Amino acid sequence: DTGVSQDPRHKITKRGQNVTFRCDPISEHNRLYWYRQTLGQGPEFLTYFQNEAQLEKSRLLSDRFSAERPKGSFSTLEIQRTEQGDSAMYLCASSPRFGANVLTFGAGSRLTVL
Amino acid sequence: AQSVTQLDSQVPVFEEAPVELRCNYSSSVSVYLFWYVQYPNQGLQLLLKYLSGSTLVKGINGFEAEFNKSQTSFHLRKPSVHISDTAEYFCAVSGSKSGANNLFFGTGTRLTVIP
């Protein structure tokens, strides 16, 4: 078990470009979460999957954001037509199906939009 | 919904001194409570959690926290800090009922340990 893996760790892009982040959760975890963390703030919930089903989305997840988890394993988070306000750390976490939601976080993907 | 308030954005403390990082929560339902630590350019690491049972919870790296339901608090303490404890600390709350899927985080407290 190598924990939660995120790729890439850093991404610098120009405004208007599309970016995609990948998350590989802990293999036996069937819940997967995406959070966004801006400078000086705590993580904010974006969306949540149980297996391949996206069960909840935050109001923070605008139409330019889309997340998928096609086979219930890894997940991708795509941001289309990036804006400078999208600059943040995007954190992925996973947790087991049953019991309390004890989330294990990845190291995050830092996005800088120029 | 739940929310968390971390009253102190920054806490400087001398090495080997005790420290308390404060956390208050708001919720209309019973809760689970967590403290996470974040080192620079890293993700969040779980320090400790309160799910049920004893209100005094011990975690990793010598940290502990006490759940106080009447004061809706979950303060984090360590009797003697080390330089390596310098990091950002986040308190988080989750509803304990089935279907409560999200963690709500506070804005964080930056602990700086001074040699």
Side-chain angles (χ1 to χ4, degrees), chain A residues 2-10 21 23-26 29-51 53-61 88-110 112, chain B residues 1-10 21 23-25 27 29-53 57 59-60 67 74 76 87-110:
Chain A
T2 56
V4 178
S5 299
Q6 292 190 245
D7 184 70
R9 292 290 311 277
H10 302 277
F21 301 113
C23 172
D24 288 88
I26 292 173
H29 288 180
N30 76 335
R31 293 173 175 171
L32 186 147
Y33 306 78
W34 285 100
Y35 282 78
R36 182 176 70 183
Q37 184 179 21
T38 53
L39 201 60
Q41 299 297 315
E44 297 172 294
F45 170 77
L46 292 179
T47 190
Y48 151 73
F49 290 85
Q50 182 155 302
N51 298 315
Q54 188 174 18
L55 298 185
E56 193 167 347
K57 295 195 293 186
S58 161
R59 290 173 297 174
L60 294 175
L61 212 66
M89 176 79 86
Y90 291 86
L91 296 166
C92 178
S94 66
S95 71
R97 177 176 183 178
F98 299 109
N101 295 322
V102 182
L103 274 60
T104 300
F105 283 84
S109 293
R110 182 170 295 283
T112 301
Chain B
Q2 295 82 38
S3 67
V4 170
T5 301
Q6 292 183 246
L7 297 169
D8 305 303
S9 60
Q10 297 188 57
L21 305 184
C23 171
N24 288 89
Y25 69 92
S27 177
V29 299
S30 57
V31 296
Y32 297 141
L33 291 157
F34 307 82
W35 276 98
Y36 282 84
V37 60
Q38 186 175 35
Y39 299 101
N41 298 315
Q42 295 188 28
L44 284 79
Q45 180 183 2
L46 181 67
L47 269 180
L48 48 78
K49 59 185 183 289
Y50 170 79
L51 305 181
S52 65
V57 179
I60 62 171
F67 171 55
F74 191 54
L76 181 70
E88 190 89 20
Y89 292 79
F90 292 95
C91 183
V93 63
S94 170
S96 63
K97 298 295 185 184
S98 174
N101 299 311
N102 307 333
L103 278 187
F104 295 91
F105 286 85
T107 53
T109 298
R110 177 166 299 279

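Numbers restart at 1 for each chain; the letters A, B, ... are given by sequence-line order, proteins then strands. Fair warning: this is a prediction, and the values are worked out from it, not measured in the lab.
Residues forming a side chain to side chain contact (heavy atoms under 4.5 Å, CB included) with Ile60(B) (at least two apart in sequence, or on another chain): Gln45(B), Leu47(B). For Tyr25(B), the ring-ring contact (aromatic ring centres under 6.0 Å, His included) criterion is met by no residue, not counting sequence neighbours.
Contact of Leu46(B) with chain A is made through the side chain alone, with heavy-atom distances under 4.5 Å. At a 4.5 Å heavy-atom cutoff, Phe104(B) makes no contact with chain A through either its backbone or its side chain. Using a 4.5 Å cut-off between heavy atoms, Gln37(A) touches chain B through its side chain atoms alone.
Taking the six-membered ring for Trp and thresholds of 30 and 60 degrees, Phe21(A) and Tyr90(A) have nearly parallel ring planes, at less than 30 degrees apart. Phe67(B) and Tyr50(B) have parallel rings, their planes meeting at less than 30° on a 0 to 90° scale where 60° marks the start of perpendicular.
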